[in-house]
Amino acid sequence: MIPRLTKYVLFAAYQLSVAMGIALLPIALAARRMGVTLPIRRLVETTGTAYERAAGR
């Protein structure tokens, strides 16, 4: 039961991070012009890796 719940929570977190990355794209592009990099890519990759580990892939 707990591993299944963990997998579902990680999947939801991954989907939320992807949606947040898409929503923040204009802000990230403006920040990059000013020389600042937002860690959105790292967030998406980290949650994706955690989900894949929990799903057993």
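Numbers for residues simply follow the sequence, beginning at 1.
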Taking distance alone, no hydrogens or angles, what donor-acceptor pairs closer than 3.5 Å link side-chain atoms of residues 16-23 to residues at least two apart or in another chain?
from: Ser17; atom 1: OG; to: Ala13; atom 2: O; distance (Å): 3.4
from: Ser17; atom 1: OG; to: Tyr14; atom 2: O; distance (Å): 2.7
from: Ser17; atom 1: OG; to: Thr47; atom 2: OG1; distance (Å): 3.1

Item to check | Nearest atoms (heavy-atom pairs only) where Ala50 meets Leu10 | outcome: O-CD1, 3.5 Å

Checklist outcome for this item: Those residues at least two apart in sequence (or on a different chain) that pass salt bridge (Lys or Arg N to Asp or Glu O under 4.0 Å) with Arg42 are none

Item to check | Partners meeting side chain to side chain donor-acceptor pair (under 3.5 Å) with Arg32 (sequence neighbours left out) | outcome: none

Next on the checklist: Just to verify, what does Glu45 make a side chain to side chain donor-acceptor pair (under 3.5 Å) with, not counting sequence neighbours?
Outcome noted: Arg41

Item to check | Residues forming a ring-ring contact (aromatic ring centres under 6.0 Å, His included) with Phe11, sequence neighbours excluded | outcome: Tyr51

Next on the checklist: Clusters formed by hydrophobic residues whose side-chain heavy atoms approach within less than 4.5 Å: which one holds Leu29, and what are its other members?
Outcome noted: Leu25

